[in-house]
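Beneath this line is the structure, given in structure tokens, with notes to follow.
Note that ligands are numbered from 1 as they come in the structure, with each ligand's atoms numbered from 1 the same way.
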Amino acid sequence: MIVVMQEGAAEPQVQRVIDRMVGLGFTVHRSTGVLHTVLGGVGPEEGADPDIFEVMDGVKECRRIASPYKLASRHFRPGGTVLDIHGVEIGGSRIVVMAGPCSVESRDQIEQAAEAVASQGARVLRAGAFKPRSSPYSFQGMGEEGLKLLREAADRRGLLVVSEVMDQTQIPLLASYSHILQVGARNMQNFNLLREIGLRRTPVLLKRGISATIEEWLLSAEYVLSGGNYDVMLCERGIRTFETATRNTMDISAIPVVKQLSHLPILADPSHGTGRRDKVLPMARAAVAAGADGLLVEVHPDPDQALSDGAQSLRPEQFAELMGQIRAIAPVLGRSI
Ligand code: PEP
Ligand code: MN
């Protein structure tokens, strides 16, 4: 149930509506927009008659939300959401680029990677310290030591950090080093993890599951939002299809579809989306053209020596080329970097 208050509705009017919703068994999530306050009620399956609210003072309209996700739905914030993470806006007019190696491997490696991406205008340094590898024998990440190196390299250059959290026991550790918690594709439906993250205020980057539909993905976002953590961004990273020419099939159409269905910012990861560095640039261009609010790109100072995802990691000069191209495309879309 969504109740939209009239422009300039008085606070006591808003409060009376909230009280009524609570009285009927709804949990109320409030979104205070520039013009309208919107109250999202998550509640009894059978809902309530919208008329109950529409006749109340200060109410503009009330409607039932048919989609299974309520708070992730665009109805909740028709104007879209702009996250402000330590001054970096995500979902606004600027396209935010998050870049760095797949994994932190050494101080030298992460420092070089940070320099390469910061010098080209990336705002966020990405790298995993805990890696969800398909094989238990592959490099699993440097753990806390990696997080320390990552944060130091980022701080030196005024970058924020995004890094993956693999289970709920790691949340406090990750949140102490990383400004954004990445929930990886393999964990998109780890509901205990999502619930726990929902109880914190740390921003979340939620990747699309390898075989998740857009509805399932938005329902996963709903887990986080319903806990009260509204700082959620989505990231399309390719899905598994019958095609074998690329590591995954980058679902560019998910970007405009999500934009229509949801108010949440959406990023695109052309590195995991294609698995090949020669395909990263064209898919990055396509994602931005399709309306992505940002990119998540793997960049390594020496990809041939990378301990994970070397084949899809850009060399620094390729990343510079990518940034140049995105900078050129952005103004056509009314955006900038
Ligand atoms: C990553 O970003 O390195 C990663 C493991 O991503 P995904 O969860 O999309 O596979
Ligand atoms: Mn990777």
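Atom 8 (O) of ligand 1 has as its closest protein heavy atom A185 N, 2.8 Å. At the shortest separation from atom 4 (C) of ligand 1 among protein heavy atoms lies H272 NE2, 3.4 Å. Atom 6 (O) of ligand 1 has K207 NZ, 2.9 Å as its closest protein atom, hydrogens excluded (heavy atom only). Ranking protein heavy atoms by distance to atom 2 (O) of ligand 1, first place goes to R126 NH1, 2.7 Å.
The shortest N or O to N or O distance between R186 and ligand 1 is below 3.5 Å. Between D269 and ligand 1, a contact under 3.5 Å exists for no N or O pair. In terms of polar-atom proximity, defined here as any N/O pair under 3.5 Å, K131 does make such a contact with ligand 1. Below 3.5 Å of separation, one finds no N or O of G184 facing any N or O of ligand 1.
An angle of 90° is found at the Mn ion (ligand 2) between D309 atom OD2 and H272 atom NE2, rounded to 10°.
Neither side chain, S163 nor S178, offers a donor N or O lying under 3.5 Å from an acceptor on the other.
What you find for L333 and V288 is that their closest heavy atoms are CD1-O, 3.4 Å. Nearest heavy atom pair, residue M250 against residue D269, reads SD-O, 3.6 Å. Of all non-hydrogen atoms in Q312 and R276, the two that sit nearest each other are CB-N, 3.8 Å.
Partner of R126 under the side chain to side chain contact (heavy atoms under 4.5 Å, CB included) criterion, out of V297, V162, L160: V162 alone.
Between L261 and R74, every side-chain heavy-atom pair lies at or beyond the 4.5 Å cut-off. Using a 4.5 Å heavy-atom threshold, the side chains of Q182 and M166 count as separate.
Atoms of ligand 1 lying under 4.0 Å from any heavy atom of R237, numbered from 1 in the order shown and given with element: 7 (P), 9 (O), 10 (O). Those atoms of ligand 1 that come under 4.0 Å of a heavy atom in E164, given as number and element, are 5 (C). Taking every heavy atom of C102 and a limit of under 4.0 angstrom, the matching atoms of ligand 1 come to 3 (O).
The pair R315-D302 fails the salt-bridge criterion, with no side-chain N (NZ, NE, NH1 or NH2) lying under 4.0 Å from an Asp/Glu carboxylate O. Between R30 and E11, at least one side-chain nitrogen of the basic residue sits less than 4.0 Å from a carboxylate oxygen of the acidic one, meeting the salt-bridge criterion.
Ligand 1 has at least one atom lying under 4.0 Å from a heavy atom of E298.
Looking at E298 and the Mn ion (ligand 2) together, the shortest N, O or S contact belongs to OE2.
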